[in-house]
Amino acid sequence: MVWLSLDTQMVENAAEEPRVLCIVQDTTNAKTVNERLTLNLPASTTLSKLFEDVAHKAGYVNGTFDLFFFSLSVLSQGPLDPSSEMSLTESGFEPGKRNFLQLSDKDGEQPQIASVSDSGLDDRQERFIGPLPRDCTVGCSSDYSSPSYSYSSILNKSDTGYVGLVNQAMTCYLNSLLQTLFMTPEFRNALYNWEFEESEEDPVTSIPYQLQRLFLLLQTSKKRAIETTDVTRSFGWDSSEAWQQHDVQELCRVMFDALEQKWKQTEQADLINQLYQGKLKDYVRCLECGYESWRIDTYLDIPLVIRPFGASQAYGSVEEALQAFVQPETLDGANQYFCERCKKKCDARKGLRFLHFPYLLTLQLKRFDFDYTTMHRIKLNDRMSFPEELDMGPFIDVEDEKSPQTESCTDSGAENEGSCHSDQMSNDFSADDGVDEGICLDSASSTERVLKPKSSLTFELFSVMVHSGSAAGGHYYACIKSFSDGQWYSFNDQHVSKVISLTITYVYYMFFCFNSSTNAYMLIYRLKDPSRNAKYLDCDDFPEHIKHLVQREKESEEQEKRQREIERNTCKIKLFCMHPVKMMAMMENKLEVHKDKTLREATEMAYKLMELDGVVPLDCCRLVKYDEFHEYLERSYEGEDDTPMGLLLGGVKSSYMFDLLLETRRPEQVFQPYKPGEVMVKVHVVDLKTDTVAPPVSIRAYLNQSITEFKQLIAQVKLSAETMRVVLERCYNDLRLLYVPNKTLKAEGFFRSNKVFVESSESPDHQVTFTDSLLWKLLDRHGNTIRLFVSLPVQSPGTNRTICQKNLSLQQGSSTSDSQKSSDTSDFEHIESPSPSQEPDSSSVSAVVAVDNRELENRIRVASGGSGGGTYSDPETQFPGEERSDSEVNNDRSTSSVDSDILSSSHSSDTLCNADSGPIQLANGLDSHSITSSRRSKANEGKKETWDTAEEDSGTDSEYDENGKSKAESYYLYFRAEPYAQEDGSGEGGQKCVLVHVDKRITLSAFKQNLEPFVGVTSTQFKVFRVYANNQEFESVRLNETLSSFSDDNKITIRLGRALKKGEYRVKVYQLLVNDAEPCKFLVDTVFAKGMTVKQSKEELMPQLKDQCKLDLNIDKFRLRKKTWKNPGTVFLDYHVYEEDINISSNWEVFLEVLDGPEKMKSMSQLAVLTRRWTPAQMKLEPFQEVVLESSSVEELKEKLSEISGVPLENLEFAKGRGTFPCDISVLEIHQDLDWNPKVSTLNVWPLYICDDGAVVFYRYILQKISQLVLWDERNELMKRESSRLLKTGHRVSYSPRKEKALKIYLDGGPVKDPGQD
């Protein structure tokens, strides 16, 4: 064929150049379900060709839609040019990467849906789009074409004529069944003939009515797919049912039962039986006298076994499985049948015979089974072929059919098996679907088939319900033949596509080989009988009540379309407002306004949305353009009250690059105009006399203004422009003095939102270099001061109190020896739950007496007096002057990680610079510190707190002494505290709190010394714990480190107890109980030190164990060993030294193990292994026993196991346990899940890798057979017992099947909820 060779050449040329992957997201409302299209194109493809390919792929008319780059960096370029001949690479596309595009409406109009004639492309001339198929044929990932067969891509409803069903979550099984019933003419027509009486039943709970509506929408709707929520609601299901996995055959039975109940006393009362019910005889025939006992049963489907029980070979075809279904079995031996005629037990034959086949024959292929060996549900993926025409004549019992038939009882039918999950599967039978040989049809052509005479028992296949997946879950879809045109269609949830001639046979049988996860699960045949075969009702032939229903549905659909149109023309944008009453908090909401609404109407809507009615008059509010990220007021809209919002906002968009702010003012104020191009500046006024920094006042300036003009603008706040110094904070604490008069703001680094500090006194500080001036020192301190909430410990009355009287703001250094170096411990230690047992006793800690608030205030007053100044103003704005050395002044500020805006919020609350006292009353809506404070609080909430847990840098030892003071320099850092009452009342039992303002460059050592007067003991007798958002506490122990990792409003808890010294480590001790259900039990917190032996640590540990845990142990009766999470490790010998023989670190954990006898471990060359015997005969595991080996020899291990168990060496097998200690495993799985008797000679090689103490080894006697639990009750009881045991130990129970919710359809509208559940 010429076209094939041309396309092949095209493919070969395209494969030689780079390819561009284009991912196009359809954001229009032209279709019910928006698609994501993927195109893999040669880099030389032109833009015009790209538009053609997208139009063909999406099913739109080219030129009726726009394409945008879906990237913020290039979004402003506008839509791509559909007529451009530039290549993709020249247009900005990147080869080898994903290029995201957005398909949107053109000029506000939806894209036009293309018809078949509009596409302009013949299937054989379709251009190559996508990667090369494996067999090098021309096509794309979802389109397959060849000279003899073709599987088209997803078609629109206008092409196929059919509508899909939306998958709610995991309702693909429901969709497959509903589409099959809809495509059954007899069922659909009968459903249309039924008339709903609204006076007798609620339409919401009427299952037939909702099915009738659904079928009408499937037949008449113009949508691509429709929802099934109304149907499932009539079932009595809630939204959680959409997430339940169920079997399609089970649903079919339950739904038919529900319909029969609903259709009682109507013409459709016997519809299900007339269409789907067949009859069979269940008989037993004596082989001696020929007597036969039988009964008549009915069935709705025939369950066909895929693979006989105990067999390894499956049936090859449906006919073979049907023959096996009616094949009788012989009852002999112990199973002999008692013959009523012979009056004795005789050999007999038991079986089934078909007496009558239904008009619609349903075959269930029983692919879901249960493996009693592994106790797992499994899916049988064996290939089973089935014909398009099935002759059931050979399976009917003619003699019995002619004989009189008695009343039959309904059989319960086949087992309900199988499950499905969400529809995240590729469509239909494309190569990505993995359809396999598990489904097979007769591949003989019509000319090759042997012509057979017409038979009343010939059935034609018209529906194949497919399951793709495993027994744990999968996906259902249906391949259905239309009786109107004989065409096969694939119904895969919302996707409906055509299957062209011969594709079914080829796809199922030949093309998708060696992939057996997709199989036919249910087959539905219809009897070939021209006298009974019905056709689908046309709209003109509908009953009158159906025509009325169609009209109502059309009106409802039109209303929905109008509502969507309104949604498409609605602007949705973020709205902010600084509420004047609600604690001056920045409120956020979403404003939804039609594009034709005016600014005045939008302001009224925002006014109501922000609940300002009765708080602020409406004429005192206005909407302005706002950038929330930069806290920048972009512009106001003076004189545009009647302008439509669509014009002001730049059209209706899915998202906007800006926000709106609803500004408010007082009645006596006027709104300040905000012009485009202006920048916002937050001005903080600095007063050197009182050492205060005022909250910000917002002003607006232009980037082309000079510094002189900017000073004159600021002078409106009653400041002198001649003596004014202006300092710009470009980034956090990066201070820049603006001293060049003619330099513009833009040249100085101003941007959208800026922060400046101004000072206009006539002090001699003007003559000093800026970095040496008082202004710089004050601003530097302002930028580095943080606010901390410190909870003090509850102090016991009657004990002595030791208070250090010293200058709290002085941090002095002193020369120390190397023995006084700072601690090498890590920063923090996790404290689980403080208990009285963890508090130090009176002998080890200098206790303190309880003091009331007055005494605490006196302490603070004394402490403040030491730093110069007995009275204080607001702590957030007042900074007492104190001398600092040049070393502090030159401290590097670039290392801090805290946002300056966040910090400055702490110092701007009360001492405000009143903007109202200026010559002009302005209302900017953001006066004082409104926006800044709100922004800071958000930043604090979103800030992820981190802490350093690394070991101490060895280089710090030479720089700091034991107390963390600098040896080389002496300098002052700011510290101030005041009493604080906790609002949440968490300070229980007399606990006091202080609010501390401190320079975060202070070391932990100096910080603790400053806290001494408030705690009442020396800094060595209390510990500092940092409290995180989840109320977890971690101890801060590195004295030489600063508080730079802390930020505003962090919480600190002080606890009494000896702080760690240099070389000490806090250790958690757990008891190891190898044979307990909970083998790991926490005992105590203790302290180990470098150079200490294991024996010394045990001696110090013994009194703690006795006092706190009531464990009175002899030093030789317990051992310490390494703890790695839950696993026991190396055994520590008494002579081992910490840090020399045993690596020790902060947050260390060890196991304490009580010994039954003397310690067997004498040397580090020995190996301690925990062994456990499995007895298959009793199906149980015996307790752990420890075995000590002198070497890593497998032979020695087996000898030790033989010695303790008495099992002969040659009959003993072992396996290493898996997972964490105690390596629990079900006795039902242990024989197959572990690697028994590994072929190695040493333990330290693969697959054992036993190199350290504490490994778990299971062993068994190989001559002892596994217990045969024949009775299901025994096995079920053992499963429950094992499940309970493993769940208690926290181990996964892999054999336990997922508990599925039973599928139920509620005829009364829903289940009755138990009031106790609330």
Point to revise | Residue list, side chain to side chain contact (heavy atoms under 4.5 Å, CB included) with Asp538, at least two apart or on another chain | key: Asp541
**Study point:** For Glu320, all residues meeting side chain to side chain contact (heavy atoms under 4.5 Å, CB included), sequence neighbours excluded
**Key:** Tyr315, Ser317
Exercise for review: Using side-chain hydrogen bond (donor to acceptor under 3.5 Å, both in side chains) as the criterion, list what pairs up with Glu241, not counting sequence neighbours.
Suggested key: Lys1301
What donor-acceptor contacts under 3.5 angstrom involve side-chain atoms of residues 184-196, with partners at least two apart or in another chain?
unit_1	atom_1	unit_2	atom_2	d
Thr184	OG1	Thr180	O	2.7
Glu186	OE2	Tyr359	OH	2.7
Glu186	OE2	Arg526	NH1	3.0
Glu186	OE2	Ala534	N	3.0
Arg188	NE	Phe182	O	2.9
Arg188	NH1	Gln219	OE1	3.3
Arg188	NH2	Phe182	O	3.0
Asn189	OD1	Leu537	N	3.3
Asn189	ND2	Pro185	O	3.2
Asn189	ND2	Lys535	O	2.8
Tyr192	OH	Phe215	O	3.3
Tyr192	OH	Gln219	OE1	2.8
Asn193	ND2	Asn189	O	3.1

Practice item. Go through the structure and list residues passing side chain to side chain contact (heavy atoms under 4.5 Å, CB included) with Gln327, not counting sequence neighbours. Key: Gln323
Review point. Partners of Glu260 by side-chain hydrogen bond (donor to acceptor under 3.5 Å, both in side chains), sequence neighbours excluded?
Key: none
**Study point:** Residues that Thr362 engages under side-chain hydrogen bond (donor to acceptor under 3.5 Å, both in side chains), provided they are two or more places apart
**Key:** none
Exercise for review: Only counting residues at least two apart or in another chain, list the ones meeting side-chain hydrogen bond (donor to acceptor under 3.5 Å, both in side chains) with Asp540.
Suggested key: none
**Study point:** Residue pairs involving residues 163-180 (criterion salt bridge (charged side-chain N to carboxylate O under 4.0 Å, His left out); sequence neighbours excluded)
**Key:** none
Review point. Taking only residues two or more places apart in sequence, or in another chain, which ones meet Glu555 in a salt bridge (Lys or Arg N to Asp or Glu O under 4.0 Å)?
Key: none
**Study point:** Those residues that, when tested against Tyr276, pass ring-ring contact (aromatic ring centres under 6.0 Å, His included) (two or more places apart)
**Key:** Phe256
Point to revise | Set of residues satisfying side chain to side chain contact (heavy atoms under 4.5 Å, CB included) with respect to Arg349, sequence neighbours excluded | key: Leu287, Pro328, Thr330
